[in-house]
Amino acid sequence: MSVLIQDGRRGGHLRWVTQALAAGLADGVIISPFHTPRVSIPRHQAGATVSAAVIAAGGEAVFDASTHARLLPGSDDVLHYDTWQLWGPSGIGLDSDAKRLEHLERVFARQREMSVPTLAPTLTLESPLGQAADDAFRTAELARGLDPACWQTLAGRRSFWRAGSDLDAYIGQLASLRAPCWALTVVNDIVVDNVPDLADTEAFSGLLRTVHSLSQRARVIICHADYAGVPAVAAGASDIGAGWDRGMRFFDPRSFQLTTPGIQIPASYVTQGRLGAVLRRDTGDAIARLGDAFATTLRGGPMPADDTAERSHHLRQLRDLVNAVSGHGVARPGRIGELRNFYERSMADFDSLLTRLPRTTLQESSRMRWVEQPYRALKAYAEAEGLWL
Amino acid sequence: MYDGDLQADVQAALGTSELIPLITGGQKLVFTTELEGIPVVAKVILVPEGPHADEVLERARREVELLSTVESEFVVRVLSEAVEIGDRPEAVCWVEEFLDGDDLRNLVGTFPWEPSEVWSLLRDVGAGLAACHELDVVHRDLSPGNVRRRADGRFVVMDPGFARHLTKAALTGVYQPGTPGYMTPEHVPGGRPTPASDVFGLGILAFQALTGAGPMPYRGDEAEYYRQLRNGQAPPVASVRADVPADLASVVDRCLQRQPARRYLDAQELLESLPSASDS
Ligand SMILES: Nc1ncnc2c1ncn2[C@@H]1O[C@H](COP(=O)(O)OP(=O)(O)OP(=O)(O)O)[C@@H](O)[C@H]1O
């Protein structure tokens, strides 16, 4: 396991993911009720069809009820979502025993119908203290009561992951449920571009510390993470949720809202595998003009001819990096050292590119956001653990 | 103040022989006596006047009842229900088996102990805590004052989560469990002790028994102590005493992880990780 493709709204999604699975570019698919209907409609297959196709292609299918997205204010793109009928007579929310039970029973029933693991829902947390955190814990506890082997989810904004020892205490409570798998999400308030934002070192090192703790006894999946999730793999996570569109690579509240101006098709990007960055195609072209062999090395392969090729190229580069990091087994020092070397080399490569390319083609901020910020989060976490050797 | 003869009324209510004071003072009285010829201890909590009275009583009833269902030779046995004394009522009392031997707090002068003795401490207290955790009872206040080493060498847990609980709640209405020097990160105000906190508490006792000093000593500054608990990490056993067998040191180190998720999650899990008595 290493890369799971997040659900997306583009037509043709199922064909692409099954091709990616068949080509060994990904290991599974996370299905969302926001993007896949329960009952097929033109251009969108039914959830059960999707899970069956994924499993038939040798992949792992996971259905994430995305309750933490549904309960965000403004999540009103419920056309597909409502076909799942995930709520009972008590209404929508996880703030009462009745609502929790009705919702859990429905989510688990849908998952069983699709032959996917039972994965309990949660809500987005601002803080590990307070009513919402209690409700999330009660939901998780009740889920375990219904199905002791169920997987669990945990979703928090940066303030949640930044909460230090309060976070650790809450994670201790959750760990006591002994879920075999945890799916974690960093909920963004807003996503403005297609570039990771790990500026909040404290929050992301908190996430990594949490991954370290949970992965001692469970599998950990970092959802909607793509390249930003690789530090979590160094901390012990085994899988990252990834993809090519913004709503797949980032937890973007707008991808659950009707007002979204259609799908943002990132038509012109090229993943630079050795940099761990997805750069604009014109930047990729400028790099190519610096020398063919050099550009090929940086990209990790030939220039993708079109978007379809870029999607495959992106997954391959990402998956290779994830596998290089997790190839060190359970020993975190090896994983951390591998990724540290990767980032340090990438920063050096960026430095040399920045001197050779005009500022209009490549900016300092790309280096900062693709490499230096994740590097800082990794370092802060590893130093605190005594693992920055 | 209790108008009648408290001691006589407790004796009558519990049906014991004459009560001999063991510890008196504060809100809690402990007596030794006999029940049907068996040596027992009678414990009495004075119920405060005012708004907390009902809460104290309700807790006493609930927790004594719960405790009486814990079945373990490593937890003190409760032999009666919680019985109320007086009209208000003024006190609540119950009977426990008498434990011969000594409190761990009277044995700290004999630290450091041999590894084999510390394995026994972990195994026995671990078994006692596991019996509590199975019933969702968290001890919350493990300290050398409430672990007893019996004459036969067995360690027995006293006071699981409630006797102390009652005493202090009686005074303030709010119970803040814990003994300075023996608290856990979850004991810092705002936190909530869990089974993994008891694991940490047992780790402190084992660490102290092995090295002679606690891993996170209280030095008189409460704020500093809390900061240390929340943000600090106990030193590895091996950094303090090098000749402790690695397997024992690693068990104790794991108990003392600052983050509860990284400890044994409860006493049962700890027990399962211990080598059998004959191997250690
Ligand atoms: N069942 C028992 N058998 C023998 N001695 C006992 C028993 N219960 C209590 N004791 C003795 O009485 C002392 C105080 O009892 P207990 O711990 O219940 O009261 P406490 O007020 O909580 O005390 P402390 O604050 O010192 O822990 C114990 O430390 C122990 O020496």
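Chain A is the first sequence line, chain B the second, and so forth, proteins listed ahead of strands; every chain is numbered from 1.
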- Quick one: which of A:Asp200, A:Asp189, A:Asn188 gives a side chain to side chain donor-acceptor pair (under 3.5 Å) with A:Arg158? A:Asn188

- Does A:Asp197 reach the main-chain N or O of A:Ala199 with its side chain, forming a donor-acceptor pair under 3.5 Å? yes

- Among A:Arg217, A:Gln173, A:Gln216, single out the residue with the greatest number of heavy-atom pairs under 4.5 Å to chain B. A:Arg217

- Checking heavy atoms, do the side chain of B:Arg263, its backbone, both or neither come under 4.5 Å from chain A? backbone

- Message: Using 0.5 Å steps for rounding, measure from the OG atom of A:Ser127 to the CG atom of A:Leu167.
- Response: 9.5 Å

- Which of the residues A:Ala169, A:Ala175, A:Gly164 is involved in the greatest number of heavy-atom pairs with chain B at under 4.5 angstrom? A:Ala175

- Any idea how A:Phe251 and A:His224 line up, ring-wise: parallel (<30°), tilted (30 to 60°), or perpendicular (>60°)? perpendicular

- Any side-chain heavy atom of B:Pro112 within less than 4.5 Å of one from B:Arg241? yes

- Task: Give the member of B:Arg258, B:Glu186, B:Gln257 that has the highest number of heavy-atom pairs under 4.5 Å with chain A.
- Result: B:Arg258

Taking distance alone, no hydrogens or angles, what donor-acceptor pairs closer than 3.5 Å link side-chain atoms of residues 244-255 of chain B to residues at least two apart or in another chain?
| from | atom 1 | to | atom 2 | distance (Å) |
| --- | --- | --- | --- | --- |
| B:Asp253 | OD1 | B:Val237 | N | 2.9 |
| B:Arg254 | NE | B:Arg262 | O | 3.2 |

- Measure across B:Ser273 and B:Tyr264 and return the closest heavy-atom pair with its distance rounded to 0.1 Å. OG-CE2, 3.3 Å

- Message: Strictly less than 4.5 Å between heavy atoms, which residues of residues 205-213 of chain A line up against chain B? Please order them by number.
- Response: A:Arg209, A:His212, A:Ser213

- A:Arg340 versus A:Leu389, closest heavy-atom pair with distance: NH1-O, 3.0 Å

